[in-house]
Amino acid sequence: MSPTLRNILAGVAGAFASMPANALLLMPLGRLFGAPAAPAYDPTGDPEAMQAIWRAYFETLEPIHMAGPLIAHWNGAFCGALVAGLLAANRSLRVPMMVAGFVLVGGIANAFMLPGQPTGFLVLDIAGYLPMGWLGWKLALDRKSTR
């Protein structure tokens, strides 16, 4: 298989691995940190009403409640970059960081889709995706060198 094709497939695999790595931690970490249940999403509901509901929800949260989403989001970038780094044809940082960038775009989209999130949380959340991708790549390098 050509190295270019292998790197593309590694990037796709990393992107797909990042999604469940994030999603599977959100609910358990929310319960662990004692966050109240999130409002139900109604795709047929009035968008302005949904924004008001989410704003009210975020106002009830304390800083500790935001630790769960933060860890889950960063875990998606870390795991996606790790998978991409392990599967890539070379030891380059490029493919894992592209995956971390893909997850970062999802985090930025999340900031716009859920209004009312604390600004400090958003800044910290967005700032962590690429460093977590770098850590995933470093772990992949360590794992590749022991093979």
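Excluded from the calculations below are hydrogen atoms, water molecules and symmetry mates; all remaining heavy atoms, backbone and side chain alike, are included.
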S.K.: Ignoring hydrogens, what is the shortest heavy-atom contact between V99 and A84? Give both atom names and the distance.
M.R.: CG2-CB, 3.8 Å
S.K.: Show the atom names and distances, to 0.1 Å, of all donor-acceptor pairs under 3.5 Å that link a side chain in residues 16-40 to residues at least two apart or in another chain.
M.R.:
unit_1, atom_1, unit_2, atom_2, d
S18, OG, A15, O, 2.7

S.K.: Should L114 and L61 be regarded as members of a common hydrophobic cluster, given that ILVMFWY residues are connected when their side-chain heavy atoms come within less than 4.5 Å of each other, either directly or indirectly?
M.R.: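 L114 and L61: one cluster.
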S.K.: If I take atom CZ from residue R55 and atom OG1 from residue T60, how far apart are they, to the nearest 0.5 angstrom?
M.R.: 14.5 Å
S.K.: Could you list the donor-acceptor pairs under 3.5 angstrom formed by side chains in residues 121-138, with sequence neighbours left out?
M.R.:
unit_1, atom_1, unit_2, atom_2, d
D125, OD1, H73, ND1, 3.2
D125, OD2, H73, ND1, 3.1
D125, OD2, Y129, OH, 3.3
Y129, OH, H73, ND1, 3.4
W137, NE1, R91, O, 3.1
W137, NE1, S92, O, 3.2

S.K.: Report the C-alpha distance between R94 and N7 in whole Å, list the side-chain angles of each, state the deciding distance to 0.1 Å, and finish with yes or no for side chain to side chain contact (heavy atoms under 4.5 Å, CB included).
M.R.: CA-CA 9 Å; R94 183 178 303 142; N7 285 342; over 6 Å; no
S.K.: Under the ring pair (Phe, Tyr, Trp, His ring centres under 6.0 Å) test, which residues partner Y57, sequence neighbours left out?
M.R.: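 Ring pair (Phe, Tyr, Trp, His ring centres under 6.0 Å) check on Y57 returns W54.
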S.K.: Is M50 reachable from F112 through a run of hydrophobic residues whose side-chain heavy atoms are each under 4.5 Å from the next?
M.R.: yes
S.K.: Give the cluster check for L104 versus M66: same hydrophobic cluster or not, with ILVMFWY residues linked at side-chain heavy-atom distances below 4.5 Å.
M.R.: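 Yes, because L104 and M66 connect within a single hydrophobic cluster, where side-chain heavy atoms sit under 4.5 Å apart.
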S.K.: State, yes or no, whether a side-chain contact exists between L9 and R6 at a heavy-atom distance under 4.5 Å.
M.R.: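 Contact flag for L9/R6 side chains = no.
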S.K.: Is there a continuous path of hydrophobic side-chain contacts, each under 4.5 Å between heavy atoms, that joins F102 to V95?
M.R.: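 Hydrophobic grouping puts F102 apart from V95.
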S.K.: Taking a hydrophobic cluster as the set of Ile, Leu, Val, Met, Phe, Trp and Tyr residues connected by side-chain heavy atoms closer than 4.5 Å, whether directly or through intermediates, do L82 and M97 fall within one such cluster?
M.R.: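 Cluster IDs for L82 and M97 match.
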S.K.: As a test of understanding, state which of V103, L139, V83, I71 forms a side chain to side chain contact (heavy atoms under 4.5 Å, CB included) with F78.
M.R.: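 With F78 as partner, V103, L139, V83, I71 yield a single side chain to side chain contact (heavy atoms under 4.5 Å, CB included), made by L139.
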S.K.: Show the nearest heavy-atom pair for residues Q117 and A111, with the distance to one decimal.
M.R.: NE2-CA, 3.7 Å
